[in-house]
Engineer: 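Supplied in C-alpha cells, the structure appears directly below.
The model shown is predicted, which means the values in this text are computed figures rather than measured ones. Convention: sequence-line order gives letters A, B, ...; per-chain numbering from 1.
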2 protein chains.
Amino acid sequence: MQNSKPLKLGKQVKFSKPSKLAEETANAAREAGNCICFKVRKTARLISQSYDRALKPHGLNTNQFSILALIGATPEPQSLTDTARVLGMDRTTLTRNLRLLDKAGLTKTLVDAQDARTRRLALTDKGWAVLAAALPSWRGVQGQTLAAMGPESWPDLRQQLDHLGRATTMTG
Amino acid sequence: MQNSKPLKLGKQVKFSKPSKLAEETANAAREAGNCICFKVRKTARLISQSYDRALKPHGLNTNQFSILALIGATPEPQSLTDTARVLGMDRTTLTRNLRLLDKAGLTKTLVDAQDARTRRLALTDKGWAVLAAALPSWRGVQGQTLAAMGPESWPDLRQQLDHLGRATTMTG
DNA sequence: ACTGCATATGTGTATATACACTCTTTAAGT
DNA sequence: ACTTAAAGAGTGTATATACACATATGCAGT
C-alpha cells in the first residue's frame with residue numbers, strides 16, 4: 001500500500017556516523033530513560049489495559065468506572081469542578097467524559113438550585129445498576145493486580161503517588 | 001447558550017432518597033477510591049502537565065520527548081514494534097505519534113534492508129538538535145519533581161512502577 | 001440598576017491511546 | 001514452486017486529555 005511513503009533506500013540501509021552533537025546527546029538521552037513522568041505514564045498505559053479488559057463486559061472502561069464510582073461514593077451530588085479536582089482531571093476533560101456517560105444514561109447533570117452556573121453530578125438508576133454490576137469485576141482485577149505486585153507494597157506506592165501528584169500540583 | 005440542555009429542575013433540586021441498592025453500592029464505591037489503576041492514571045495526568053509546560057518552549061510534549069529520547073538513546077535504529085514495546089505503548093499508538101514527529105522533521109522512518117516489513121526509527125539532524133536543546137529543560141522539571149517528592153524515594157517508586165507494569169502485562 | 005470582576009461551565013482544536021481489522025512480506029512445510 | 005501461517009505495519013473508529021478561548025452567572029461596590 002505504502003501510503004506513508006517511508007524513505008526508500010538502497011540495497012543496504014546506511015546510517016551515517018553520528019555527529020559529535022549526536023554522540024553527546026545520545027548519552028544524555030539515556031539519562032532520560034529515568035524520566036519520572038515517562039515511567040508513570042508507561043505504567044498507566046499498561047495497567048489500564050488490564051482494567052479495561054476486566055470492565056469491558058459492563059460496557060465501561062477504567063476511566064468511566066472511576067467517574068461512576070466517585071459520583072456514587074459522594075452522598076450529595078458534587079459540582080463538576082470539584083469532581084474534576086478529585087479526579088485530578090482537567091475540568092473540560094471531565095465535561096467530555098460525562099457527555100458519554102450522560103448519553104449512555106448512566107449519569108445525569110443537574111443545575112444547582114442556588115447557583116445556576118454550577119452543575120451537580122448524580123447517577124441515574126441505570127448508573128447505579130451498572131456500577132453495582134461492575135464492582136465485582138473491578139474487585140477481581142484489583143485483587144489480581146494487588147496479588148501480582150505484592151499487596152504489602154501498595155499502601156506505600158499509593159502514598160508516593162499521592163505525594164507525587166500533590167508535589168507536581170504545587171511545583172506547577 | 002445551554003447547548004447541552006441540563007435537566008431543568010424546580011426551585012430546589014430534589015435528590016430522591018437513595019434506594020437500598022444505591023446505599024450498598026455507594027459504600028462499595030468508596031472502596032474503589034483505592035483503585036490502583038485510577039491512582040496511577042491520576043498521577044500520570046497531574047505530572048504530565050508539569051513536564052508538558054517545561055518542554056513547551058521546544059515544541060514538544062512529554063510524550064514526544066520520551067520518544068525522541070528513546071530513539072536517540074539506542075545506538076542502532078530499532079524497529080517500530082520493538083520501540084513500542086519499550087515505551088509500553090500500543091504499536092499503532094506509536095505509529096500515530098511518529099506521524100507528527102516525522103511531519104515536524106524530527107524523526108525519519110527507514111525501511112529495513114533485510115526485511116521490507118520492518119520500519120526502523122531514527123532521528124534527523126533537526127531531531128538531534130531539538131532533543132539536545134530540550135534536555136536541559138527536562139533536567140529542570142525532573143530535578144524539581146525529584147526535589148518535591150524527596151529524591152531518596154524515587155528508586156523505590158521506580159522499581160514498584162516497573163514491577164506493576166510487568167505484573168499487569170503478565171496477568172493480562 | 002450599573003459596572004466590573006470572579007466563578008462555573010462549554011467549545012474549538014490538537015494530541016494520545018488502543019482495539020479490531022486489513023494489507024504486505026516473510027518463513028515454513030509440502 | 002505452492003500453500004499457508006506468522007510477523008510487521010497501517011487504517012477506521014472511539015475515547016481520553018488539556019489548553020486557549022468564549023459564554024453565562026453571581027457578587028460587590030457604586
Side-chain angles (χ1 to χ4, degrees), chain A residues 1-6 37-38 41-42 44-53 55-56 59-67 78-85 87-104 109-121, chain B residues 1-6 37-38 41-42 44-53 55-56 59-67 78-85 87-104 109-121:
Chain A
M1 197 181 310
Q2 206 92 339
N3 265 347
S4 58
K5 302 198 195 85
C37 187
F38 166 62
R41 285 175 64 91
K42 175 177 173 178
R45 283 192 290 264
L46 293 174
I47 193 175
S48 292
Q49 294 181 43
S50 306
Y51 280 73
D52 281 350
R53 265 195 294 277
L55 294 167
K56 188 167 189 179
L60 298 175
N61 60 29
T62 184
N63 186 53
Q64 296 166 334
F65 173 81
S66 295
I67 296 174
Q78 302 296 306
S79 76
L80 193 150
T81 296
D82 288 346
T83 305
R85 198 182 343 264
L87 289 169
M89 185 181 288
D90 190 273
R91 179 184 53 76
T92 66
T93 301
L94 180 56
T95 296
R96 260 111 187 195
N97 289 165
L98 277 172
R99 188 165 305 182
L100 295 172
L101 295 172
D102 273 7
K103 188 175 294 185
T109 302
L110 312 165
V111 178
D112 185 273
Q114 270 68 45
D115 189 336
R117 291 171 303 179
T118 68
R119 305 278 184 274
R120 296 195 172 272
L121 312 178
Chain B
M1 196 183 311
Q2 205 94 340
N3 266 348
S4 58
K5 301 198 196 87
C37 186
F38 166 61
R41 286 175 64 93
K42 175 177 173 179
R45 282 192 292 263
L46 292 174
I47 194 175
S48 293
Q49 295 181 43
S50 306
Y51 280 73
D52 281 349
R53 265 195 295 277
L55 295 168
K56 188 167 189 178
L60 297 176
N61 60 31
T62 184
N63 186 54
Q64 295 166 335
F65 172 81
S66 296
I67 296 173
Q78 301 298 306
S79 76
L80 195 152
T81 296
D82 288 346
T83 304
R85 200 182 339 266
L87 290 168
M89 185 181 288
D90 189 273
R91 178 185 52 77
T92 65
T93 301
L94 180 55
T95 295
R96 259 112 187 197
N97 289 165
L98 278 172
R99 187 165 306 181
L100 296 172
L101 295 172
D102 273 6
K103 189 175 294 184
T109 302
L110 313 166
V111 178
D112 185 273
Q114 271 67 46
D115 189 336
R117 293 172 301 179
T118 315
R119 303 281 183 272
R120 296 196 172 272
L121 311 178

Engineer: Of the nucleotides D:dG10, C:dA16, C:dT9, which one has an atom closest to the side chain of A:R91?
Structural biologist: C:dT9
Engineer: Please report, rounded to the nearest Å, how far the C1' atom of D:dG10 is from the CZ atom of B:R99.
Structural biologist: 8 Å
Engineer: Just compare D:dT11, C:dT11, C:dT9 and give me whichever is closest to any side-chain atom of B:T95.
Structural biologist: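 That would be D:dT11.
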Engineer: Would you say a side-chain N or O of A:K56 is under 4.0 Å from OP1 or OP2 of C:dA20?
Structural biologist: yes
Engineer: D:dT17 phosphate, OP1 or OP2: any side-chain N/O from A:N97 under 4.0 angstrom?
Structural biologist: yes
Engineer: Specify the separation, in whole Å, of atom CD of B:Q49 and atom P of D:dA16.
Structural biologist: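 Going from B:Q49 (CD) to D:dA16 (P), I get 17 Å.
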Engineer: OP1 or OP2 of C:dA16 versus the side-chain N and O atoms of B:N61: is any pair under 4.0 Å?
Structural biologist: yes
Engineer: Check whether the side chain of A:R117 and the base of C:dT7 form a donor-acceptor pair under 3.5 Å.
Structural biologist: yes
Engineer: What's the CG-P distance between B:N63 and D:dA16, to the nearest Å?
Structural biologist: 18 Å
Engineer: C:dA16, C:dC19, D:dA16: which one has an atom nearest the side-chain heavy atoms of A:T93?
Structural biologist: D:dA16
Engineer: Using a cut-off of strictly less than 4.0 Å, decide whether A:R41 has a side-chain nitrogen or oxygen near OP1 or OP2 of C:dT17.
Structural biologist: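 Yes, within the criterion.
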Engineer: Between A:F38 (CZ) and C:dA16 (P), how many Å, whole number?
Structural biologist: 14 Å
Engineer: How long is the line joining CZ of A:R45 and C1' of D:dT15, in whole Å?
Structural biologist: 16 Å
Engineer: Test A:L98 against A:L80 for side-chain contact (heavy atoms from CB on, under 4.5 Å), laying out the working first.
Structural biologist: CA-CA 9 Å; A:L98 277 172; A:L80 193 150; 4.2 Å; yes
Engineer: Expressed in angstrom and rounded to an integer, what is the separation of A:D90 atom CG from C:dA8 atom C1'?
Structural biologist: 13 Å
Engineer: Can you check whether B:A84's main-chain N or O pairs, donor with acceptor, with B:R91's side chain at less than 3.5 Å?
Structural biologist: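 Side chain of B:R91 to backbone of B:A84, a donor-acceptor pair under 3.5 Å: no, none is there.
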Engineer: Hey, which of these two, A:D115 or A:M89, hits DNA chain D nearer its 5' end, going by closest nucleotide?
Structural biologist: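 Whichever sits nearer the 5' end wins; that is A:M89.
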Engineer: Under a 4.0 Å threshold between the charged nitrogen and the carboxylate oxygen, would A:D102 count as salt-bridged to A:R99?
Structural biologist: no
Engineer: Can you tell me whether the side chain of B:R119 and the base of D:dA9 have a donor-acceptor pair closer than 3.5 Å?
Structural biologist: no
Engineer: So, the side chain of A:Q49 versus the backbone of A:L46: is there a donor-acceptor pair under 3.5 Å, distance only?
Structural biologist: no
Engineer: Is any side-chain nitrogen or oxygen of B:Q64 closer than 4.0 Å to OP1 or OP2 of C:dT15?
Structural biologist: no
Engineer: Report yes or no: is there a donor-acceptor pair, N or O only, under 3.5 Å between the side chain of B:R96 and the base of C:dA16?
Structural biologist: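 No.
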Engineer: Within the structure provided, determine whether A:V111 and A:R119 are in side-chain contact (heavy-atom separation under 4.5 Å).
Structural biologist: yes
Engineer: For B:L46 and B:T92, find the nucleotide of DNA chain D closest to each by heavy atoms; which residue's nucleotide sits nearer the 5' end?
Structural biologist: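 Per heavy-atom nearest nucleotide, the more 5' residue is B:T92.
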Engineer: Tell me the interatomic distance from A:L100, atom CG, to D:dA16, atom C1', rounded to whole angstroms.
Structural biologist: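 Value for this atom pair: 9 Å.
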Engineer: How long is the line joining CD of B:Q114 and C1' of C:dA27, in whole Å?
Structural biologist: 15 Å
Engineer: Can you work out whether A:D82 or A:D52 has the more 5'-proximal nearest nucleotide on DNA chain C?
Structural biologist: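 Residue closer to the 5' terminus by nearest nucleotide: A:D82.
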Engineer: Any side-chain N or O of B:K103 below 4.0 angstrom from OP1/OP2 of C:dA14?
Structural biologist: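 It does not, given that no N or O in the side chain of B:K103 lies less than 4.0 Å from OP1 or OP2 of C:dA14.
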Engineer: Using every non-hydrogen atom in the two residues, find where A:R41 and B:T62 come nearest and quote the distance to one decimal.
Structural biologist: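 Shortest heavy-atom separation between A:R41 and B:T62 comes out as CD-CG2, 3.9 Å.
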Engineer: Look at all strands and tell whether B:T118 reaches a base, only sugar-phosphate, or nothing, counting heavy atoms closer than 4.0 Å.
Structural biologist: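 Here B:T118 touches the backbone only, sparing every base.
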Engineer: From the options D:dA16, D:dA20, C:dT9, select the nucleotide whose nearest atom is closest to the side chain of A:L80.
Structural biologist: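 It is C:dT9.
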